[in-house]
Amino acid sequence: ISIEQGGIRPIGWRCIMKIGDLVVTIKGNLAVLLDVKLGYETGQPEYVDLCFCGTGVTRTGFPAYKVKKVKTDKKCP
């Protein structure tokens, strides 16, 4: 399943994430996941593209192991 088809990929600390998910960096910055770049040999995510919420800056090539999905409350829509 490709990213364009809405596929899911493991990112960071073994969390399953989709494009458009809210993530947090290891420094505590919130961002929206824009794209995932897979490694050539491993097929695992190596880099992600992010749009930071506080500044609106888009960052490409951010190491995937430095982000994790923000857990949301299941009761909220």
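Along the sequence shown, residues are numbered consecutively beginning with 1. Since the structure is predicted, the reported quantities are computational estimates derived from the model, not experimental observations.
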Connected via hydrophobic side-chain network under 4.5 Å: Leu38 and Tyr47: no
My understanding is that only one of Val48, Leu34, Val23, Leu33 makes a side-chain contact (heavy atoms from CB on, under 4.5 Å) with Phe62; could you say which? Val48
Kindly list each side-chain donor-acceptor pair under 3.5 angstrom involving residues 49-60, sequence neighbours excluded, with atom names and distances?
{"residue": "Asp49", "atom": "OD1", "partner": "Lys37", "partner atom": "NZ", "Å": "3.2"}
{"residue": "Asp49", "atom": "OD1", "partner": "Gly61", "partner atom": "N", "Å": "3.2"}
{"residue": "Asp49", "atom": "OD2", "partner": "Lys37", "partner atom": "NZ", "Å": "2.7"}
{"residue": "Thr55", "atom": "OG1", "partner": "Val57", "partner atom": "N", "Å": "3.3"}

Does any non-hydrogen side-chain atom of Thr25 lie less than 4.5 Å from one of Lys66? no
